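Just so it is clear, the model here is predicted, and its values are computed rather than measured.
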Amino acid sequence: MIKNVSDPSIADILSTDALKVYNIPRYQREYTWGQRDWCNLYDDVFDNDPGYFLGSIIVIQSEIDPKTNIINFEVIDGQQRLTTISLLLAALYARLNEHPGAIDEDMNSDDIRPLRNRLILKADKGKSRVVPQVQNHNLDDYRWTLKENAGLEAVVQKPKYYGVRKMSKAFDYFYDRIGEEIEGMDDERAVRKLLEMSQLLCSAVLVQISVDSHADAYTLFASLNNRGVPLSAVDLIKNTLLARVADADENELDYYFDQWQEMLRNLGDDYTTQERFFRQNYDAFRRDVNKPFIQEGGAQLPLGSVATRSNLLKIYEKRIGQESGALSVLDELIVNSAIYSQIVGVNREGMDARVEAKLTELARAQGVPSYLLLLFLIKRQGELEIDKATLAKTVELLTLFFVRRNVTDTPPTRDLERLFINICESIEDKGLSGVGVARYVKERLVDISASDATFEDRLAGPIYDVNPDMTRYILTTLAEPSVTKEMKGLWERYPSGNYVWTIEHVFPQGENIPKDWIEMVGDGDKAMAESIQAELVHTLGNLTISGYNSKLSNMSFIEKRDRQDSNGINVGYRNGLNLNDDLVSEEMWTRDQIEARTTKLIDLALKAFTFDNVEF
């Protein structure tokens, strides 16, 4: 897996004599480090002894170019760190050249020019040792920085809006920090200080690990404690895919890169969603995907029975490695990611309103594992003859399944992926179509779900303590019929991302039970009140939802029930939600009231989340 480990310091990696160039492929992510990262790197280098360990970089080494004798390294991991170190070197070099009167010829030969040669090839002063990728003007900004501050001999125009992007800001940050170090010094002291700093930086350890493939690189990530923004499996699939078409002409390469970017736009910016799509994309269609790899007498799923984080890259690397594999995989990803975009809600433009509404509910019910089934059904909706109404009801069925599953933990999480894979393949094997598909899905889900008795038993327990998100979903579902146009939506969020409506414990859940509540619940007996709290505080009967949770807090029951805002609007339990009907009619809140309301809400939940609600 590891080809070799070498060049343990910055001085060796950016050697003044070796013809080594570190290329960051265009399909890597752009330069993303910010001020906190720059500050951490600066402090790590200059607040520690020589030889401080800065981490590692992972590269794939190419053959030596016979024309130039240059050794090119493809940087797989560590590009943020390597680029930032070179910008810090450039800032040191720029500061040194502001004191020409204190630099003699020996110093220039022994110290100053070698520092520049760590940034720019001595044999070709128009080529930098680190070559950032082109996205978001990274390469143009970097080359301009070296031209202006480190002597890069290249015809480069100042990029438009150069000063607002991170390459420029990183250099400026280091330039300013270094300036603070030498402020008030005469030229000779300043030069000595700057040379000491450059020597300290060059002594820092940055281990270079060479590997043979992107898959080997990914395997290393889990065990390396690198700083910076680590590459995900998705990044490495992109690297592998676009590396396969690297010989294409400029226009074709731009097209493939744009196609990849379109696929990512379909999935949104969340890396968890992106990685999950790649796994579920394989799982949903694994039999078709494996067909080209099956050998006579061999395994029917040679690429793997399910896609996991550990084997994901190898699956796609093998697929991309086939003749025309890169282009066929890219085409597939574009089509399927557009479908997935609708499922996850990134882009539902033009989607049937019934299906869209049900998908929103499925997401709220934590039904993500079923997305692979939906990807399969929507991709093959035409050939399976599934109309929009049937699809909407199937999504509703999945929501019911996940409410019950997430409350009872039946079936266990580890079985969900294989469950939905098996449903997809059984639909094909049985030749099902139309409502027959939906009925089969229902049959499988009902068969594997917990019984009503088990569901009821879990609803009766401390449900909030076990799963607060699912508790909130159940309560909002029960409250939805009573929401008026004048109220804020039960799923509305503040700009911070927090829900407006949150779960409110009627009998407070805090350790220090207020005196009023001890009197009411425990008849003045603190130990009794604490016992009842431990038993019932997280049960359904003691929970409601409120847009004013923090303001109600530890108030007495009557204050919570009757609270109004400065305009006389009810913000306590008289807020109009049907969940609070039992609360507004009570003068006390004790064990009897909590248990009675728990029984009532359980009955409502059993009716709301029964499979009988969905018929095909």
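Cation-pi geometry between R276 and Y371 is not met at under 6.0 angstrom from the ring centre and within 45 degrees of the axis. Seen from the ring of F293, K318 does not count as a face-on cation partner, given the 6.0 Å and 45° thresholds.
N72 places no side-chain N or O within donor-acceptor distance of the main-chain N or O of Q61, the cut-off being under 3.5 Å. For the pair T308 (side chain) and N311 (backbone), a donor-acceptor distance under 3.5 Å is present. Judged purely by atom type and a 3.5 angstrom limit, N108 has no side-chain atom pairing as donor or acceptor with the backbone of D104. No donor-acceptor pair closer than 3.5 Å links the side chain of N138 to the backbone N or O of M167. Looking only at distances, a side-chain donor or acceptor of R81 sits under 3.5 Å from a matching main-chain atom of S56. Remark: the backbone N or O of E105 is not paired with any side-chain donor or acceptor of S109 at under 3.5 angstrom. A donor-acceptor pair under 3.5 Å is formed between the side chain of R118 and the backbone N or O of L14. The backbone N or O of R286 lies less than 3.5 Å from a partner atom in the side chain of N290, making a donor-acceptor pair. Side-chain atoms of E275 do not come within 3.5 Å of backbone N or O of V234 as any donor-acceptor pair.
Judged purely by distance below 3.5 Å, without hydrogens or angles, the side chains of T145 and Y162 pair a donor atom with an acceptor atom. Judged by distance alone, the side chains of S198 and Y93 never bring a donor and an acceptor atom under 3.5 Å apart. Side-chain contact check for T16 and R113: no donor-acceptor pair (N or O, by modelled atom type) lies under 3.5 Å. For the 3.5 Å distance criterion, the side chains of Y142 and S86 qualify, holding a donor opposite an acceptor. Residues S341 and N266 have side chains that never bring a donor and an acceptor to within less than 3.5 angstrom of each other. Under the 3.5 Å distance criterion, with hydrogens and angles disregarded, a donor-acceptor pair is assigned to the side chains of Q280 and Y340. Of the N and O atoms on the side chains of Y316 and N281, at least one donor lies less than 3.5 Å from an acceptor on the other residue. Between the side chains of S328 and D331, not a single donor N or O lies within less than 3.5 Å of an accepting N or O.
Contact check for L206 versus S9: no side-chain heavy atoms found under the 4.5 Å cut-off. At least one side-chain heavy atom of Q322 sits less than 4.5 Å from a side-chain heavy atom of P292. Within the 4.5 Å cutoff, the side chain of Y22 has heavy atoms near those of the K20 side chain. Between N336 and F285, the closest side-chain pair of non-hydrogen atoms falls below 4.5 Å. Side-chain contact between Y31 and R165: absent, with no pair of heavy atoms (C-beta onward) separated by less than 4.5 Å. When side chains are defined from C-beta on, W144 does not count as touching L146, because their heavy atoms never get closer than 4.5 Å. Proximity of I103 to V191: side-chain heavy atoms (C-beta onward) are separated by under 4.5 Å at one or more points. When side chains are defined from C-beta on, V75 does not count as touching N23, because their heavy atoms never get closer than 4.5 Å.
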Kindly determine whether R348 and T360 satisfy side-chain hydrogen bond (donor to acceptor under 3.5 Å, both in side chains), including the steps that lead there. CA-CA 11 Å; R348 288 177 176 165; T360 298; 3.0 Å; yes

Audit row: R319, E332, salt bridge (Lys or Arg N to Asp or Glu O under 4.0 Å) steps and yes/no: CA-CA 12 Å; R319 295 188 63 199; E332 170 198 301; 2.5 Å; yes

Working for salt bridge (Lys or Arg N to Asp or Glu O under 4.0 Å), residues E153 and K127: CA-CA 8 Å; E153 296 179 2; K127 183 180 286 293; over 6 Å; no

Evaluate K291 against D288 for salt bridge (Lys or Arg N to Asp or Glu O under 4.0 Å), listing each step before the verdict. CA-CA 5 Å; K291 284 178 181 177; D288 287 346; 3.3 Å; yes

R265 and E262: CA distance, side-chain angles, deciding distance, salt bridge (Lys or Arg N to Asp or Glu O under 4.0 Å) verdict: CA-CA 5 Å; R265 284 193 293 272; E262 179 183 343; 5.1 Å; no

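The line from CG of L119 to NZ of K125 is 13.0 Å long, rounded to the nearest 0.5 Å. Here CD1 of I85 is found 12.0 Å from CD of Q80. Values are rounded to the nearest 0.5 Å. Atom CG of L359 is separated from atom CD of E356 by 8.0 Å, given to the nearest 0.5 angstrom. The structure places CG of L195 at 5.0 Å from CG of D111, a figure rounded to the nearest 0.5 Å. One finds the OG1 atom of T84 at 10.5 Å from the NZ atom of K166 (value rounded to the nearest 0.5 Å). In this structure, R472 CZ and N467 CG are separated by 13.0 Å, a value rounded to the nearest 0.5 Å.
A distance of 6.0 Å or more separates the ring centres of F278 and Y282.
Between W491 and Y499, the angle of the ring planes goes over 60°, which puts this pair in the perpendicular group of the 30/60° scheme. Using a 30° and 60° split on the angle between ring planes, Y42 and Y173 fall in the perpendicular class, above 60°.
A 6.0 Å sphere centred on CG of D258 holds more than 12 heavy atoms belonging to other residues, nucleotides or ligands.
D172 and R177 are not joined by a salt bridge, as no carboxylate oxygen comes within less than 4.0 angstrom of a charged side-chain nitrogen.
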